[in-house]
**Q** 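Please see the structure below; I have some questions.
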Amino acid sequence: MAEHYYAKGQLNQMIFQNQQTQFSIASISVVETDIDIDEKDLVVKGHFPALTHGNDYIFYGQMQNHPKFGDQLNVFTYEKELPKTEDSLVKYLASDLFYGIGEKTASKIVDTLGLNAVDDILRDESKLDEVVGLKAETKKQFIADLRLHQGFEQVTVELAKYGVGLQLAQKLYDVYAENTIKQLQDNPYDFVFYVDGFGFQRADEIAKTIGIEDNHPTRVQAGILHVLDEESTNGHVYVELPSLVTRLNELLFRGQTEETKQSLHDYLNQLVDDELIVMEADRIYLPQLYFAEEGVASQLTRLLETNEDLTFDESELMAAIGDVEEQEGIAYGEEQYEAVKKALNEKVMLLTGGPGTGKTTVVKGILHCYEALFQKKEQKKQSDYILAAPTGRAAKRLTESTGIKAKTIHSLLGWSGEEEFEYNASNQLSGKVMIVDEFSMVDIWLANRLLKAVPADMKVIFVGDEDQLPSVGPGQVLADLLASQSIPVCRLQDIYRQKNDSYIIKLAHDIKHDQLPEQSVGKKADFNFIDTSSDYAVDTIEKIVTKALEKGYSMRDIQVLAPMYKTKVGIHELNDSLQQIFNPKEESKRELLHFQSVYRTGDKVIQLVNQPEKDVFNGDIGEIVAVKDAKEADSNKDELIINFEGLEVSYTRQDLNQIMLAYAISIHKSQGSEFPIVIMPIVRPFKRMLVKNLIYTAVTRGKASLIICGDYDIFLEGLQKGDAYERRTTLVSRIQAFLGHNVEQVPQSAEQNLENAEVDEQEEFSPYDFMS
């Protein structure tokens, strides 16, 4: 085993920082070490945040010899030492790290509490009351800043004893703050479900060091929920029992015996009794997913079985369509006309079709004709029409195409950010017609929430492209609704939008129908496939972007899409590179360094999580319009101001894990959006991720120009993996069972659950509560 060393010193220079991976290389001036070196300077490298001049740091790690740069300390963990003299401690407390604490106040704190002031205050906040003359607000802010800057260092030192490095320590601290160590010692399995990147195996190793036995109920329960949760992140709603038992034996007991098999069945039965899982036949569900499927089936049945007396004369419909044609300067085809007619006749309808088939044209027709035929005696009310989409950008596109304000589904339902929605089964939406666009992106949980809020007298049209990616969350709702053959469907197949013989649209339909040529096609007016290897892909993309900017295109016009975050052609690497082209460092542009990320005025960024209280949602793209330091900001903290399509939102440092640069984004995040120019690398490192619907989704994001860089053989190979990731769901059989179709019925236990008026109220339950 390699020997561990330490080195204490101060920063000379930050040599390298990767903005996304938090990997850093620095030169320090050594004042104390157990390493046998003659030089006073030492290079340290590892995952640690930016170091600051004037502070003493102690690094722990292993020595490595780089063939070009010589001896280096590969850092596992580090700690920042507090000043050792009263003068240096006063300077530290009076620094910019602590807002509102000047040199005079810092001297008071040190004079009163001495050299152990920081440790004493962190242990007991009331110690600060001994300092005369401190305002309550100043105390509160100082304690918060002190915990922010010192708490993390203390936690990392403790976590290092359990083999947790700096990068993961930061994630743990973001969730649990100063309670991180207590939580780890109480139940490390909790981290598996609440901290990205903290795997079950790591929790298992820590559990052994603190004495949790292999057959301890907490461990086994965590293992079962871990497998179910892992499967749900892959889109599956349930796991088959034999598969689950096999996985659990491998995960928990390293092999299957009759004793362990029986033990697992006992634990499963106990979890069923405790309502932590649902078992139906040989299928095991997390409760919120089981009841979400039943909820969708029951709510659709409720809507479909509601009688509606809407009649109109065929000539009236033709006249109304004629009005739309005149206003829009278009001509409806027979397929589109029939789609509008069906939508007006049916209570619930699915409208699906590829790019250029006229889905938006049909939506306009539905809205106009409904108003003309059923509201001609009333004054038009926009509140009668509810338009929604899963993402902010998709909602904006729907607004622009129809002239009626569209909202995200979360915003429409009044999501609070927790489990609660303002609109639900007991407080339903009001309106006559609801149209939900990009419905392929909606997962089973959100679909259930939406349908619960739909009143019985509302007409519902779901619009989407069945060949696009399914939702990021569990389920494949649009595909299952189509497969159930229980809901009226209109499939648009004729291509109408063929502007300038658009090759993008042709390519999309060729992908859809498996009709691509074996050899790469030549350059077209709106398409180009550039043959390049992964080694040169980033360079090729940089040249394309530079050329586009020279031609007058803007940052908003150009979007790079990639399927993976890591690798040398991944999203992180692309963003680092493209930032220097789109928004290079300038003296006139302010910057904010957050760990290894640099955000500057003018940067394009993407929201990574839903924040309903700010009215910004996962996938929203904005631009940094201001960078404020703590002295300028109302929050007394460093801030970024980001403009999301006219909405300005402020972010302090603690919020910055919610965003990332967006010059390159994932194909999943691009759903619901269109961009004038799309650039997409398809190279060998992406091979395992490339499947037909992923590529199809990326291709259909390009509005005016699509450029693919990579290997055509890899491109074709990906398109042949269309069914590689089929999801396990039971929504089709549930819908058919509810509607009385002659199919395998839902088991009696499930039917009994449905006798309750609010069958899915158990969704509020968290399967991980027992672990907290």
Side-chain angles (χ1 to χ4, degrees), residues 231-238 283 285-304 346-353 359 386 388-391 394-395 398 408-410 412-413 415 421 425 434-454 458 460-491 610 617-619 668 671-672 693-694 696-697 723 725-739 741 746 759-760 763:
E231 290 297 293
S232 74
T233 62
N234 292 328
H236 302 300
V237 172
Y238 68 88
R283 298 184 294 270
Y285 302 77
L286 289 172
Q288 67 269 34
L289 299 183
Y290 174 83
F291 289 109
E293 276 202 337
E294 290 205 333
V296 168
S298 64
Q299 300 300 335
L300 280 172
T301 302
R302 172 178 64 87
L303 294 174
L304 288 166
E346 302 291 351
K347 188 66 188 304
V348 181
M349 190 187 87
L350 304 173
L351 175 65
T352 185
K359 295 190 295 294
I386 295 178
T391 68
L398 191 56
T408 65
I409 297 173
H410 287 87
L412 171 70
L413 297 178
W415 188 41
F421 287 83
M434 180 171 74
I435 298 176
V436 185
D437 199 8
E438 298 289 352
F439 197 65
S440 64
M441 298 175 64
V442 177
D443 63 30
I444 189 66
W445 184 82
L446 185 58
N448 182 37
R449 293 293 185 171
L450 176 63
L451 286 168
K452 284 171 66 175
V454 176
M458 182 180 287
V460 181
I461 296 106
F462 296 123
V463 184
D465 185 343
E466 61 186 306
D467 293 302
Q468 283 191 30
L469 286 168
S471 55
V472 174
Q476 46 185 20
V477 181
L478 177 61
D480 283 348
L481 295 187
L482 291 166
S484 73
Q485 299 183 0
S486 304
I487 300 163
V489 177
C490 185
R491 281 186 169 88
N610 291 322
F617 298 90
N618 185 2
H668 282 88
Q671 281 187 272
N693 56 6
L694 184 81
Y696 176 86
T697 300
D723 298 321
Y725 302 104
E726 187 175 350
R727 297 186 171 191
R728 291 189 295 275
T729 70
T730 38
L731 181 59
V732 172
S733 61
R734 293 190 195 285
I735 292 172
Q736 292 174 340
F738 267 88
L739 291 171
H741 292 196
V746 179
V759 63
D760 44 302
E763 288 178 59

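Residue numbers run from 1 in the order of the sequence given.
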**Q** What's the separation between atom NZ in K347 and atom CD1 in I487, rounded to the nearest 0.5 Å?
**A** 12.5 Å

**Q** Nearest 0.5 Å please: distance from the CD atom of Q671 over to the OG1 atom of T391.
**A** 9.0 Å

**Q** My understanding is that only residues two or more places apart in sequence, or in another chain, count here; which of them pass salt bridge (Lys or Arg N to Asp or Glu O under 4.0 Å) with D467?
**A** K512

**Q** What's the shortest heavy-atom distance between A394 and A389, and which atoms?
**A** CB-CB, 3.6 Å

**Q** Any side-chain heavy-atom pair from V442 and S471 closer than 4.5 angstrom?
**A** no

**Q** At their closest point, which heavy atom of L289 faces which heavy atom of S232, and how far apart are they?
**A** CD1-CB, 3.8 Å

**Q** To the nearest 0.5 Å, what is the distance between CD1 (I735) and CG (L300)?
**A** 5.5 Å

**Q** If I take atom OG1 from residue T352 and atom CG from residue D465, how far apart are they, to the nearest 0.5 angstrom?
**A** 5.5 Å

**Q** Show the nearest heavy-atom pair for residues L451 and R302, with the distance to one decimal.
**A** O-NH2, 3.1 Å

**Q** Just jot down the ring-ring contact (aromatic ring centres under 6.0 Å, His included) partners of Y285, sequence neighbours excluded, or say none.
**A** Y238, Y290

**Q** Just jot down the salt bridge (Lys or Arg N to Asp or Glu O under 4.0 Å) partners of E438, sequence neighbours excluded, or say none.
**A** R397

**Q** With a 4.5 Å cut-off on side-chain heavy atoms, are R728 and E231 touching?
**A** yes

**Q** Testing the basics here: between A483 and V732, what is the closest heavy-atom pair and its distance to 0.1 Å?
**A** CB-CG2, 3.9 Å

**Q** Find the distance between NZ (K452) and OG (S298) and round it off to the nearest 0.5 Å.
**A** 9.0 Å

**Q** Does N610 use its side chain to pair, donor to acceptor, with the backbone of N618 at less than 3.5 Å?
**A** yes

**Q** Could you tell me which residues satisfy salt bridge (Lys or Arg N to Asp or Glu O under 4.0 Å) with R491, sequence neighbours excluded, listed by chain and number?
**A** E466

**Q** Considering all heavy atoms of both residues, which atom of L412 and which atom of A388 are nearest to each other, and what is their separation?
**A** CD2-CB, 3.9 Å

**Q** Quick one, L478 and Q468 - any side-chain contact, counting heavy atoms below 4.5 Å?
**A** no

**Q** With rounding to the nearest 0.5 Å, note down the distance linking CG in L482 to OG in S440.
**A** 10.5 Å

**Q** Report yes if the side chains of F462 and V477 come closer than 4.5 Å at any heavy-atom pair, otherwise no.
**A** no

**Q** Can you tell me if N234 uses its side chain to pair, donor with acceptor, with the backbone of H236 under 3.5 Å?
**A** no

**Q** Under the side-chain contact (heavy atoms from CB on, under 4.5 Å) rule, what do L446 and H410 come out as? Steps first, then yes or no, please.
**A** CA-CA 8 Å; L446 185 58; H410 287 87; 3.7 Å; yes

**Q** For T729, which residues count as a side chain to side chain contact (heavy atoms under 4.5 Å, CB included) partner, sequence neighbours excluded?
**A** V237, E293, Q476, D480, R727

**Q** So, for P488 and L304, which heavy atoms are closest and what is the spacing to 0.1 Å?
**A** CD-CD2, 4.4 Å

**Q** With sequence neighbours excluded, what pairs up with T301 under the side chain to side chain contact (heavy atoms under 4.5 Å, CB included) test?
**A** E305, F738, L739

**Q** Main chain of L351, side chain of K359: is a donor-acceptor contact present, judged purely on distance under 3.5 Å?
**A** no

